Number of protein chains: 2
Amino acid sequence: MYRIGELAKAFEIKSDTLRFYEKQGLLAPSSRSSSGYRMYTEQDKQTLSFILRAKAVGFSLADIKSLLSIEVDKANSVCADVKALVNAKLTDIEVKMAELTRFHISLQRLADACCGSAKSAEHCTVLEALESDVDQVRHEHHH
Amino acid sequence: MYRIGELAKAFEIKSDTLRFYEKQGLLAPSSRSSSGYRMYTEQDKQTLSFILRAKAVGFSLADIKSLLSIEVDKANSVCADVKALVNAKLTDIEVKMAELTRFHISLQRLADACCGSAKSAEHCTVLEALESDVDQVRHEHHH
DNA sequence: ATAAACCTTGGATATAGGTCTAAGGTCAAG
DNA sequence: CTTGACCTTAGACCTATATCCAAGGTTTAT
């Protein structure tokens, strides 16, 4: 069992953030101590880990809540519903990854065009990388 | 040359957003009409495309500004500086992609464990997927 | 030549996601 | 048995990223 400050420290967030997540319906401590302190279990800790990882990959707290609600409602959920929700999130992730890949290619092209030495950056600009990218997009559209 | 509303419509954003980006130092129109209208060039349009793509992959406006500043300062920049900045952003992207991949694997495991039929979701919960994930992480740490 | 649809500026409002403050209760160490 | 680190609540405040509004000037279509 962890007190709020311990759990916060373990994940390098503020206690306030945990209280905020609780108010948002994302993560409530499994119990309270006799003096009213929030007491978090190992499972709560895992849920928090999930929340933070999901946030890190760009999901909103609302998205995360909907994923976690599977857990809360599991007796009332049916597999098909769960699967549909999860598959939707998987598609979101795939879209994000495709965008990241495209952006990575653009920046990589910029880095490659760049001399890397102490000469002027006259010919290594974001705009030049973008221009080639636009060309590439046009090219793709042609077939 | 595009007027603000034309450019906004082309990217499905509001004119307000373009004025906002200008105030933030991200994108100023290349010129103004005699009556003071913002006039955007093809290059401005490309810069906007860059801004929106960068935003879509999770960069903040501040991050994007630092990338664009390469362009503005290019006469005063040296390739090495540009390359270092771009490489830092490339690393950011690689980290994001690794996180997305890991998250995708977790959710995929959940979807796979899920029957997909109209039975109770008793055994397809985010937490169960997480538990296996934690095990996997522990496993990785062991070698 | 006038309405619709633009544009201008400056400032108010909104939403997400926290972060901090005030006023006070609890707990472990010296 | 007090000091300092923790905890409680309610609510104010903050940053990022827009979006909207007011009051007025300009352009385009009819």
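Atoms considered below: every heavy atom in the structure, side chains included; atoms not considered: hydrogens, waters and symmetry mates. Order of the sequence lines fixes the chain letters, A, B, ..., with proteins taken first and strands second; residue numbering starts at 1 for each chain. All of these numbers come straight from a predicted model, not from anything done at the bench.
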Taking only the side-chain nitrogens and oxygens of [X], find out if one of them lies under 4.0 Å from OP1 or OP2 of [N].
X       : N      : answer
B:Lys55 : D:dA18 : yes
B:Thr17 : D:dT19 : yes
B:Lys14 : D:dC20 : yes
A:Arg38 : D:dC6  : no

Look only at the side chain of B:Asn87 and the backbone of A:Ala111, and say whether a donor-acceptor pair between them is shorter than 3.5 Å.
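Pair absent, no side-chain N/O of B:Asn87 close to backbone of A:Ala111.
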**Prompt:** Just by modelled atom types, is the A:Arg3 backbone N or O under 3.5 Å from a matching donor or acceptor in the A:Glu6 side chain?
**Reply:**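 Yes; judged by distance alone, with no hydrogens or angles, the pair exists.
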**Asked** Which is true for A:Arg19 with a 4.0 Å heavy-atom rule: it touches a base, it touches only sugar-phosphate, or it touches nothing?
**Response**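 The answer is base, as A:Arg19 lies within the cut-off (heavy atoms under 4.0 Å) of a base atom.
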When all nucleic acid strands are considered with a 4.0 Å heavy-atom cut-off, which category describes A:Ser33: base, sugar-phosphate, or nothing?
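Counting heavy atoms under 4.0 Å across all strands, no contact is made by A:Ser33.
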Using whole Å, what does the distance between atom [atom2] of nucleotide [N] and atom [atom1] of [X] come to?
X       : N      : atom1 : atom2 : value
B:Arg32 : D:dT26 : CZ    : C1'   : 14 Å
B:Glu22 : D:dT17 : CD    : C1'   : 17 Å
A:Leu7  : D:dC7  : CG    : P     : 11 Å
B:Leu27 : D:dT17 : CG    : C1'   : 16 Å
B:Ile51 : D:dT17 : CD1   : C1'   : 13 Å
B:Gln24 : D:dA16 : CD    : P     : 9 Å
A:Asp16 : D:dT8  : CG    : P     : 10 Å

Apply salt bridge (charged side-chain N to carboxylate O under 4.0 Å, His left out) to residues A:Glu22 and A:Lys65 and explain how you reach the verdict. CA-CA 11 Å; A:Glu22 184 174 349; A:Lys65 187 174 174 179; over 6 Å; no
inquiry  = So which atom in A:Ala8 and which in A:Ser15 form the shortest heavy-atom distance, rounded to 0.1 Å?
reply    =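 Closest approach of A:Ala8 to A:Ser15, heavy atoms only: CB-N, 3.7 Å.
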Nearest heavy atoms of A:Val86 and B:Leu107, plus distance in Å |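 Closest approach of A:Val86 to B:Leu107: CG1-O, 3.5 Å.
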Flag the pair B:Tyr2 / B:Tyr37 as yes when their ring centroid distance falls below 6.0 Å, and as no otherwise.
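So the answer is no for these two rings.
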| query | Honestly, is B:Lys96 close enough over B:Phe59, meaning NZ or CZ under 6.0 Å from the six-membered ring centre and within 45° of the axis? | reply |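 Yes, a cation-pi geometry holds between B:Lys96 and B:Phe59.
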- [ ] Extract, from 5' to 3' on DNA chain C, the first and final nucleotides lying under 4.0 angstrom from some heavy atom of chain A.
- [x]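 The contacted stretch runs from C:dG17 to C:dC27.
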- prompt: Between A:Ile4 and B:Phe20, which has a closest nucleotide on DNA chain D that is more 5'?
  reply: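 The answer here is A:Ile4.
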Of A:Leu61 and B:Arg3, whose closest DNA chain C nucleotide lies nearer the 5' terminus?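 By nearest-heavy-atom nucleotide position, the 5'-most residue is B:Arg3.
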